[in-house]
Undergrad: 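Below you'll find the structure I mean.
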Amino acid sequence: MNDNTPEQSQLGRTSAYVDQYDASLLFPIPRAPKRAEIGLGAAAAVPFFGADLWTAFELSWLNPRGKPQVALAHVTIPCETPNIIESKSFKLYLNSFNNSRFADAAEVQARLRADLSEAAWRGAASASTVGVKLLLPELFDREPVHELDGLLLDRLDVECTRYTPAPELLKAAEGEAPVTETLVSHLLKSNCLVTGQPDWGSVQIRYSGPQIDQAGLLQYLVSFRNHNEFHEQCVERIFMDVWTRCRPIKLAVYARYTRRGGLDINPLRTSHPQALPANVRTARQ
C-alpha cells in the first residue's frame, strides 16, 4: 500500500539534477486522505468520473547516435487511480531522460506509459494504464491556443472578502425550472499544498439543474485564493461543494492551471461519463 505523504516528497527541497533515466524518481501520493476531507470514503462512493490531463513541455532524450530529440507529451491519468503523481517528482523524472539514449520516440512513449501507470496505480487491487501521446516537432504548429468556452463570471462587479473556501456562498434557485449553463472564470488561484507557492488557473463549470447564483459562485471560486491544496484536490473540492450545495442534475468541473516546471495539470471531474476534452492550452498556459 502506498503511504507517501506530500511532506515526504521533493517539494520545497534542493534536488539533484539526475540526467540518466530513473523511474524511481516518480513520487505517487494517495488521493484517499484529501477525498476523506470532502466527505468521500471508499472509492465506490466517489460520485464523479474524469481524469487529470497533463502537458509536459520539456521532454528530451538522445537518439542512438547521441543526437538530442524533443517532444511534447500529453498524459491522461484517470481519476480512478489511487494516486496522483507529485508534480516536482514528475519533472525530475522527465529530466532523467535528458542524457539517456532510446531507440526512437515509440520507446520513450512506452517507458513513460509503463512508469506513470505503475506510479498512478500503485497499491490498487487491479491496475490499468495511463494515456501517453507524444507530439514531435513537425506537429508543434498544430497545437492551438483556445480559452475555455462559456459565460464569463468575471464580468460581475462583486465584493470579495473570503479567501479560504466558503461553500456557504453557493446557492441555487431550487423550485424553478432547471437550466443548462456553462460558466467560466479566470480568477481561480490556490497555493501548493507543501510550498505555499501560487497556482493560477481558469475553471469551467457545466451543469444542468437549478440555476446557480452567479455572483455567489464567483465569490466562492475567489475564496480559494489563499487555500493550500494540489490542483486535483481543488477541483474535486469545487465539484463536491457545487454538487451538494446546488444539487444539479448533471455537473462537470474542468480547470486548466498555468504550467510550473514545464508541466501543466488540468483536472476534469464530471457526474456522468463523457468524452474527455481535447488537451488544448489557454493563453496563460
Side-chain angles (χ1 to χ4, degrees), residues 31 35 40 43-57 71-85 90 109-110 112-113 116-117 120-121 124 126-136 139-140 142-153 178-186 188 201-209 212 221 230-243 246-259 263-285:
R31 297 184 190 268
R35 286 182 173 175
L40 299 176
V46 173
F48 48 69
F49 305 89
D52 307 321
L53 310 180
W54 295 68
T55 311
F57 293 92
L72 299 178
H74 286 171
V75 177
T76 303
I77 301 179
C79 71
E80 294 81 13
T81 61
N83 309 307
I84 64 174
I85 297 175
F90 201 156
Q109 182 182 28
L112 288 168
R113 181 181 292 114
L116 295 170
S117 297
W121 288 99
S126 60
S128 183
T129 59
V130 306
V132 176
K133 177 182 178 182
L134 295 192
L135 298 172
L136 299 177
L139 298 178
F140 285 177
R142 299 185 191 178
E143 286 291 279
V145 174
H146 183 73
E147 297 306 304
L148 295 172
D149 295 322
L151 179 63
L152 188 63
L153 292 170
V179 302
T180 297
E181 288 187 318
T182 301
L183 306 173
V184 171
S185 175
H186 302 301
L188 181 62
S202 298
V203 60
Q204 178 190 68
I205 297 175
R206 297 179 182 267
Y207 77 97
S208 296
I212 297 173
L221 294 174
F230 292 140
H231 304 353
E232 302 94 330
Q233 298 160 351
C234 285
V235 169
E236 292 187 358
R237 186 177 295 273
I238 293 169
F239 180 96
M240 289 305 299
D241 284 345
V242 175
W243 185 250
C246 301
R247 303 189 180 190
I249 301 165
K250 290 185 176 181
L251 175 64
V253 178
Y254 179 38
R256 295 200 63 90
Y257 282 88
T258 59
R259 75 181 80 164
L263 293 164
D264 65 34
I265 310 172
N266 310 286
L268 170 74
R269 300 295 183 267
T270 172
S271 62
H272 51 289
Q274 65 176 64
L276 293 175
N279 194 354
V280 175
R281 70 182 180 93
T282 65
R284 289 197 295 168
Q285 293 182 295

Undergrad: Counting distance only, does the side-chain N/O of Q109 pair as donor-acceptor with the main-chain N or O of V132 below 3.5 Å?
TA: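 Yes, Q109 side chain to V132 backbone: donor-acceptor pair under 3.5 Å.
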
Undergrad: Checking T129 side chain against S117 main chain: does a donor-acceptor pair fall under 3.5 Å?
TA: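 A pair under 3.5 Å: no.
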
Undergrad: Show your reasoning for whether side chain to side chain contact (heavy atoms under 4.5 Å, CB included) applies to L263 and F90.
TA: CA-CA 9 Å; L263 293 164; F90 201 156; 3.8 Å; yes

Undergrad: Drop me the distance from S271's OG to Y207's OH, to the nearest 0.5 angstrom.
TA: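 It is 13.5 Å, given to the nearest 0.5 Å.
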
Undergrad: Looking at A120 and V130, what are the two nearest heavy atoms and their distance?
TA: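 Minimum heavy-atom separation between A120 and V130: CB-CG1, 4.2 Å.
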
Undergrad: Less than 3.5 Å apart, any donor N or O on the side chain of T180 or S208 sitting next to an acceptor on the other?
TA: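 Indeed, the side chains of T180 and S208 share at least one donor-acceptor pair under 3.5 Å.
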
Undergrad: So, do L40 and F48 sit near enough that their side-chain heavy atoms are less than 4.5 Å apart?
TA: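 Result yes, sub-4.5 Å side-chain heavy-atom pair found.
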
Undergrad: To the nearest 0.5 Å, what is the distance between CG on L151 and CD on E181?
TA: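 Here the interatomic distance stands at 7.0 Å.
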
Undergrad: CD/E80 to OG/S128 distance, rounded to the nearest 0.5 angstrom?
TA: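 Output value for this atom pair is 9.5 Å.
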
Undergrad: Suppose we screen for side-chain hydrogen bond (donor to acceptor under 3.5 Å, both in side chains). Which residues come up paired with T270, at least two apart in sequence or across chains?
TA: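 Listed in chain order: H272, Q274.
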
Undergrad: So, T55 and N279: side-chain donor and acceptor under 3.5 Å apart, yes or no?
TA: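 The answer is yes; a qualifying pair exists.
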
Undergrad: Is a side-chain donor or acceptor of E143 paired with a backbone partner of F140 at a separation under 3.5 angstrom?
TA: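 No, because the side chain of E143 does not come within donor-acceptor range (under 3.5 Å) of the backbone of F140.
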
Undergrad: Can you tell if the side chain of V203 reaches within under 4.5 Å of the side chain of V184, non-hydrogen atoms only?
TA: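 No. Closest side-chain heavy atoms not under 4.5 Å.
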
Undergrad: Start with the C-alpha gap between L183 and Q204, add the side-chain angles, then the distance that decides, and say whether side chain to side chain contact (heavy atoms under 4.5 Å, CB included) holds.
TA: CA-CA 6 Å; L183 306 173; Q204 178 190 68; over 6 Å; no

Undergrad: Side chains of V145 and V280: closer than 4.5 Å at any heavy-atom pair?
TA: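 They are not in contact (no side-chain heavy atoms under 4.5 Å apart), so the answer is no.
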
Undergrad: Taking the side chain as every heavy atom from C-beta outward, state whether L251 and I205 have any atom pair closer than 4.5 Å.
TA: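 Of all side-chain heavy-atom pairs linking I205 with L251, at least one is under 4.5 Å.
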
Undergrad: Do R206 and Y254 meet the cation-pi criteria used here (NZ or CZ under 6.0 Å from the six-membered ring centre, within 45° of the axis)?
TA: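 Checked: cation-pi criterion not met.
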
Undergrad: I need the N266 CG to W54 CH2 distance, nearest 0.5 Å.
TA: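 Going from CG on N266 over to CH2 on W54, the span is 10.0 Å.
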
Undergrad: Which heavy atom of P47 sits nearest to which heavy atom of W243, and what is that distance?
TA: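 For P47 versus W243, the nearest heavy atoms are CB-NE1, 4.3 Å.
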
Undergrad: Quick check: does any side chain N or O of D264 sit under 3.5 Å from a backbone N or O of R259, one acting as donor and the other as acceptor?
TA: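 No; judged by distance alone, with no hydrogens or angles, the pair does not exist.
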
Undergrad: For L139, enumerate each residue passing the side chain to side chain contact (heavy atoms under 4.5 Å, CB included) test, keeping only those at least two apart in sequence or located in another chain.
TA: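 Per chain and number, L139 pairs via side chain to side chain contact (heavy atoms under 4.5 Å, CB included) with L135, R142.
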
Undergrad: Just do the side chain to side chain contact (heavy atoms under 4.5 Å, CB included) check on V75 and I85 with the steps written out, would you?
TA: CA-CA 11 Å; V75 177; I85 297 175; over 6 Å; no

Undergrad: Could you please spell out the steps behind the side chain to side chain contact (heavy atoms under 4.5 Å, CB included) verdict for V253 and L268?
TA: CA-CA 6 Å; V253 178; L268 170 74; over 6 Å; no

Undergrad: Which pairs with one or both residues in residues 269-285 pass salt bridge (Lys or Arg N to Asp or Glu O under 4.0 Å), sequence neighbours excluded?
TA: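 Qualifying pairs, neighbours excluded: D52-R269, E236-R269.
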
Undergrad: Measure the spacing between CG of L188 and OG1 of T258 and express it to the nearest 0.5 Å.
TA: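 That separation rounds to 10.0 Å.
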
Undergrad: Can you check side-chain hydrogen bond (donor to acceptor under 3.5 Å, both in side chains) on R256 and S202, steps first, answer last?
TA: CA-CA 5 Å; R256 295 200 63 90; S202 298; over 6 Å; no

Undergrad: Answer yes or no: is there a side-chain heavy-atom contact under 4.5 Å between Q233 and R31?
TA: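 No - every pair of side-chain heavy atoms lies 4.5 Å or more apart.
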
Undergrad: How many angstroms lie between SG in C234 and CD1 in I265, if you round to the nearest 0.5 Å?
TA: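 The SG atom of C234 sits 11.0 Å away from the CD1 atom of I265.
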
